[in-house]
A.B. asks: 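Pasting a structure here, questions to come.
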Amino acid sequence: MKRLTNTHIGELDQVLALSGQTLWAVQTDGVIVDVFGSLESRLGFQREELIGRPFQEIIDPGDSAVATSRFEEIVRGGPAARVDSGTEIRMTGKDGDEYDVKVNASSVTQNQDGDELIFALTTDITRQKIAERALERERVLFFNTFDRAPNGIVLLHLDLERGGLIKGANAEAERITGYQQDDAIGLWLTEGGLVEVEEDKLAVALRDSKAILEGEQPSFTLERTVNRPDGSSFEMKADVSALDIGVLGEPDDPYPINAVAHIEDVTEQRRAESELQHQARHDPLTDLLNRRWFIALLTDRLDRSAQGYGGGALLMIDLDDFKQVNDSHGHHAGDGVLKEIARILKAELRDTDMVARIGGDEFGVLLPNTGHEGAVRVAESLLNRFRDSKIEISDSNGQNFLPSVSIGLLMLDGRDVDADAALRECDRAMYDAKHQGGARFLVASD
């Protein structure tokens, strides 16, 4: 077996060693003819130990089939054959250590003695592959942790015009939203009815998205109604923060992952909060506003009136002869009558009017932005409505209560009084009406 003698071996070795490459000359039967460059020293062999050996002996068994197949393709293909530059294999050193190499090209040629030879230029990519394997372990760890997290997580690409594009979702997010990950990926949150979008809320979300992407704030929180694929919906709370996923993402992705949202279903929580708020503002028996909240609304109305935004009118309503119901039929029957009175009031008044149970059988009505004539018409309408009504008393063998009411009316425009003073003044007018025989209204004097 003849060595290549027409090459300045020393100079070639220096050039290849500096580049981290190795040039292999191999016969068509797979036997190594010569080696130039750096890799043979890393493998732990002397050049003479490699010359004359089949190249398959230094190929990792796992890559032997690929390397042999490539080699045979070149042999069959003749001088024009080439191996694509992306072929990667692992070589085994003298001590058993493995090294990753990339085969850039191979060719069939003849040496000066007429023997066909295959030349393969390889590059040591061991460090690169170590880094890639570490990165892959990091990817696997990240996505395993991501998918098994107990809270819902959605990976997003935030676009400052279209909103958020779903790039990934873990198992808990799938459970919460009802969307499988394959169905969710590629959906824009602001399109297709996935999320209920309001223009003002969208503008705020886009502003906050810009702020976190530019590092001006660490995160932002939003709440939206999300529509599930089965037609149901839920209230979603999302804590969104910027995420530099870097090499974990796809390098050529036009919509890279740049944010992560931790989501939760807060439907029941918001329902409970709403119920607590309702209970704090409403009378438990009649479900009308309670005295405390009515006073707060009256205070606000008086403040707005003082600032020139219109006042309205206040009505105080008290049932005439209601005591006989409680005395004759008990408080349970009386409670039933009060509920029916509340129903009549709500049916007779506008949605914008505010009606409250002030206490016992006394009710208050706030008529915002209503003038004197309008307030008088409301008072007369209520008198007529109750005069024409009859309320069956529970557990009384069909007996009825014929409601009669006394009403005090106070115009709020321009009055420099607080809510308690307004209530007292209106109360006096109401009791004056009652003392005059009831079933009438009186306007509080200035």
Side-chain angles (χ1 to χ4, degrees), residues 283 285-286 288-291 294-295 297-298 301-302 305 311-329 333-393 399-415 417 419-446:
D283 171 58
L285 176 64
T286 63
L288 299 177
L289 299 176
N290 59 28
R291 179 185 180 90
F294 186 75
I295 289 176
L297 295 173
L298 178 58
R301 177 54 50 183
L302 289 168
S305 177
L314 172 66
L315 303 180
M316 295 298 290
I317 304 170
D318 191 80
L319 291 175
D320 300 328
D321 300 324
F322 175 71
K323 186 175 183 293
Q324 64 175 325
V325 177
N326 285 331
D327 292 345
S328 302
H329 304 285
D335 287 347
V337 170
L338 291 175
K339 289 179 181 179
E340 183 62 16
I341 294 294
R343 187 194 67 78
I344 293 173
L345 285 171
K346 286 191 287 188
E348 192 69 17
L349 296 166
R350 302 170 301 182
D351 291 339
T352 54
D353 298 332
M354 289 158 272
V355 56
R357 183 186 180 201
I358 302 302
D361 60 339
E362 188 176 10
F363 301 86
V365 176
L366 184 58
L367 306 174
N369 302 317
T370 302
H372 184 272
E373 291 184 3
V376 168
R377 284 197 300 270
V378 172
E380 291 176 340
S381 174
L382 289 174
L383 286 174
N384 293 331
R385 179 68 172 83
F386 283 115
R387 185 181 297 117
D388 296 336
S389 299
K390 61 180 180 179
I391 300 172
E392 184 176 350
I393 302 173
Q399 296 184 50
N400 294 318
F401 173 69
L402 303 178
S404 169
V405 297
S406 298
I407 302 175
L409 189 159
L410 176 70
M411 298 307 300
L412 302 177
D413 300 71
R415 289 188 178 271
V417 294
D420 287 333
L423 286 173
R424 287 195 301 269
E425 193 171 346
C426 196
D427 249 350
R428 281 195 295 270
M430 181 267 292
Y431 279 111
D432 287 344
K434 187 179 289 290
H435 292 153
Q436 293 181 23
R440 69 192 64 206
F441 77 92
L442 289 178
V443 179
S445 63
D446 293 333

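All heavy atoms count here, side chains included; hydrogens, waters and symmetry mates do not.
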A.B. asks: For residues D361 and F322, report the shortest heavy-atom separation together with the two atoms involved.
C.D. replies: OD2-CB, 3.3 Å
A.B. asks: Quick check: do L349 and M354 have side-chain heavy atoms less than 4.5 Å from each other?
C.D. replies: no
A.B. asks: Would you find a donor on one side and an acceptor on the other, under 3.5 Å apart, between the side chain of R440 and the backbone of G438?
C.D. replies: yes
A.B. asks: Rounded to the nearest 0.5 Å, what's the gap from CZ on F441 to CG on L383? Could you check?
C.D. replies: 7.0 Å
A.B. asks: Between CD1 of I295 and CG of L302, what distance do you get to the nearest 0.5 Å?
C.D. replies: 11.0 Å
A.B. asks: Quick one: closest heavy-atom pair of D353 and P368, and the distance?
C.D. replies: OD1-CD, 3.8 Å
A.B. asks: First locate atom CZ of R385, then atom CG of L382, and finally report the distance between them rounded to the nearest 0.5 Å.
C.D. replies: 9.5 Å
A.B. asks: Is I317 close to M430 at the side-chain level, that is, under 4.5 Å between some pair of heavy atoms?
C.D. replies: no
A.B. asks: Can you name the nearest heavy-atom pair linking L423 to F294, along with the distance?
C.D. replies: CD2-CE2, 4.2 Å
A.B. asks: Any non-hydrogen side-chain atom of V378 less than 4.5 Å from a side-chain atom of L367?
C.D. replies: yes
A.B. asks: Write down the atom of L338, the atom of G360, and the distance for their closest heavy-atom approach.
C.D. replies: CD1-O, 3.9 Å
A.B. asks: M316 versus E362: any side-chain heavy-atom pair under 4.5 Å?
C.D. replies: yes
A.B. asks: Contact between I344 and S389 at the side-chain level, heavy atoms closer than 4.5 Å - yes or no?
C.D. replies: yes
A.B. asks: Can you check whether L412 reaches R301 side chain to side chain, under 4.5 Å on heavy atoms?
C.D. replies: yes
A.B. asks: For the side chain of Q324 and the backbone of D321, is there at least one donor-acceptor N/O pair under 3.5 Å apart?
C.D. replies: yes
A.B. asks: Please determine which of L288, D351, T286 meets the side chain to side chain contact (heavy atoms under 4.5 Å, CB included) test together with K346.
C.D. replies: L288
A.B. asks: Going by side-chain hydrogen bond (donor to acceptor under 3.5 Å, both in side chains), name the pairs with one or both residues in residues 371-381, residues two or more places apart or in two chains.
C.D. replies: E348-S381
A.B. asks: Could you report the tightest heavy-atom contact between D413 and T370, atom names first, then the distance?
C.D. replies: OD1-O, 4.5 Å
A.B. asks: Determine, stepwise, if the pair F363 / L345 fulfils side chain to side chain contact (heavy atoms under 4.5 Å, CB included).
C.D. replies: CA-CA 9 Å; F363 301 86; L345 285 171; 3.9 Å; yes
A.B. asks: Minimum heavy-atom separation for S406 and D320, please, with both atom names.
C.D. replies: OG-OD1, 2.8 Å
A.B. asks: Is any side-chain heavy atom of L297 closer than 4.5 Å to one of L289?
C.D. replies: yes
A.B. asks: Working to the nearest 0.5 angstrom, can you tell me the gap between I407 CD1 and L315 CG?
C.D. replies: 6.5 Å
A.B. asks: Run through V405, D318, L319, L442 and flag the one making a side chain to side chain contact (heavy atoms under 4.5 Å, CB included) with K434.
C.D. replies: D318
A.B. asks: If only atom types and distance count, is the side chain of H329 paired as donor or acceptor with the main-chain N or O of V325 below 3.5 Å?
C.D. replies: no
A.B. asks: Side-chain contact, heavy-atom cut-off 4.5 Å: I341 with I391?
C.D. replies: yes
